2 protein chains.
Amino acid sequence: MSGDGTVGKALDVLDLVAGFGHPARFSDLLAHSPYPKATLYRLLQTLVTQRMLAFNPDRSTYTLGLRLVRLAHAAWDQSALAPIARPHLDVLSAEVGETVHLAQMDHAQVLYVDKRNARDPIPMYSQAGKVGPAYCTGVGKAMLAYLPEANLPGILSQQSWHAFTAKTITSATAMMQELTLIRARGFAFDDEEHEPGIICVAVPILSTGGAVLGALSVTSTTARTNLGKLAELAPRITQIARTIGQETTNWRFPEETAHPNRERA
Amino acid sequence: MSGDGTVGKALDVLDLVAGFGHPARFSDLLAHSPYPKATLYRLLQTLVTQRMLAFNPDRSTYTLGLRLVRLAHAAWDQSALAPIARPHLDVLSAEVGETVHLAQMDHAQVLYVDKRNARDPIPMYSQAGKVGPAYCTGVGKAMLAYLPEANLPGILSQQSWHAFTAKTITSATAMMQELTLIRARGFAFDDEEHEPGIICVAVPILSTGGAVLGALSVTSTTARTNLGKLAELAPRITQIARTIGQETTNWRFPEETAHPNRERA
DNA sequence: AAAATAAGTTTCACATATTGGAACCTGCAA
DNA sequence: TTGCAGGTTCCAATATGTGAAACTTATTTT
């Protein structure tokens, strides 16, 4: 598959372990891996000594390792968008009192990188970090609409176009029309296209150069509101998204000199 | 070094990029990497195609990739301790109104996996994920005290014993005494051993079998309180830690059958 | 504008790490 | 004892990775 040399294979194994929602045994992994027993065994060993995986000798199971958590912390922290956007998410969340999502494109999918929930703010790890489809979510469509046209065919061809609901857009051509509409309007809706009863408004977050950095959305239910009312929030959301976009663009590393790299033990 | 074949080198490079707090150029990385130009170049390319790193062609810089964020989500989510402990951290945080830390041992260091801050609860990624020394933090000492004796010499020999403050414990022998004291008392203090003015109480989180799962601490400042007052919190913290330990132990995977692995696109 | 320098990329003969079939250990059940 | 499944190790064949050096851009300097 994606196998780019040994590293690619090792990372595949990492994904495999991550895919199980629980500690996995060697034989579980073997059954779901394309690699022969000895090869998988060695890959696992390597990952364990690298502390990307942890091996529990009592139960002889593999789980994801703490080095991953450390790397991930760094990943989130130095992604330009998420840390900058956070205070703005707080503001928006407080103002609208509805679920707020921050997402980025990952491959051809949507990756939720942060989230706010009205009543009790849910710490991000729990809910963010998940991936979702691009073609039937508000944030996905908002980003697609502002992507360079050259990239679109490639990305659209990777969508699964599964009809989650009767309103799901299920073809690239229909999507192209929708995207034109979104560009004209400046924001995107999700009109129960992914889950029945769930609707949202989403706006893209653009760099000052116009590049898509991510998307911001406010989600609610048809029981509580409707698209018309959500649309009224769009100017405010757009304003916040523009601020985030500008701050992120400006946060362009003013040529550090010192090397703040971790010292080796 | 840690170099376990190609995978080890690739992960070293990943750490290197993570070590910079900002997007890094090829030459920056080259200057701080033990690998020759061509080798580093290829490793970077591999990591980029694997989406563990992202390359920005405009500025020709490398940053950590989104695949890492996804993996990290899974890592945190299926680590037995952190998700189970979260609601308890919320409770403790609300009760004591001080900073609360949840930590685990990583190698011979302390990894903070979750955190609560009194005023505005800070979502974990931002502040947690950091590593700290074991020998001069409350959580570190609490865990050391309950580790199997056989593991102790190895771990203690890896401590740097840097005297952050005048009160820092700076030798393995002194630490052994301190650990005996901690076991007798059932909880650990950090008496300004890491940062002046910062004090904390910490208790270990143990499985019902007695294995160290992590540690829980409440941190404050000498300006606001003192060790005596912090000690009064110990019974409550211990109680919560015991609950977390029990729940974590009980949450022992009841032999799943189906394979809930992510489908490949 | 030309020359000099630096930054990034590719090449290729060579060394090494990876491969995976098969043999080999366990522990456990019949 | 035998059988068997999960797990671990071997080792020759070979695919992969290596890195000095050559080569292309960019970016200065003269």
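Computed from a predicted structure; not experimentally measured. A, B, ... follow the sequence lines: proteins, then strands. Residue 1 opens every chain.
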**Request:** Please work out whether the ring planes of B:H101 and B:Y112 are parallel, tilted or perpendicular, with thresholds of 30° and 60°.
**Result:**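 Plane angle between 30° and 60°, so tilted.
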**Message:** Could you walk me through whether A:R51 and B:D106 satisfy the salt bridge (Lys or Arg N to Asp or Glu O under 4.0 Å) test, starting with their C-alpha distance in whole Å, then the side-chain angles of each, then the deciding distance to 0.1 Å, before giving a yes or no?
**Reply:** CA-CA 9 Å; A:R51 299 203 336 286; B:D106 177 24; 3.1 Å; yes
**Fill in**
For nucleotides 15-29 of chain D, 5' to 3', base contacts (B), sugar-phosphate-only contacts (S) and non-contacts (-) with protein non-hydrogen atoms under 4.0 Å give -SSBBB---------
**Message:** Walk me through whether B:K37 and B:L30 qualify under side chain to side chain contact (heavy atoms under 4.5 Å, CB included).
**Reply:** CA-CA 7 Å; B:K37 206 155 55 150; B:L30 182 59; 3.8 Å; yes
**Prompt:** Are B:Y62 and B:D28 close enough that a side-chain donor and a side-chain acceptor fall under 3.5 Å?
**Reply:** no
In whole Å, what is the span from the [atom1] atom of [X] to the [atom2] atom of [N]?
| X | N | atom1 | atom2 | value |
| --- | --- | --- | --- | --- |
| B:L40 | C:dT10 | CG | P | 14 Å |
| A:Y62 | D:dG7 | OH | C1' | 9 Å |
| B:Q45 | C:dG8 | CD | P | 13 Å |
| A:Y41 | D:dC11 | OH | C1' | 17 Å |

**Derivation of the side chain to side chain contact (heavy atoms under 4.5 Å, CB included) call for B:K9 and A:V7** = CA-CA 9 Å; B:K9 287 169 202 165; A:V7 176; over 6 Å; no
**Asked** Would A:I182 and A:F187 satisfy side chain to side chain contact (heavy atoms under 4.5 Å, CB included), going step by step from the backbone distance to the final call?
**Response** CA-CA 5 Å; A:I182 291 170; A:F187 55 90; 5.9 Å; no
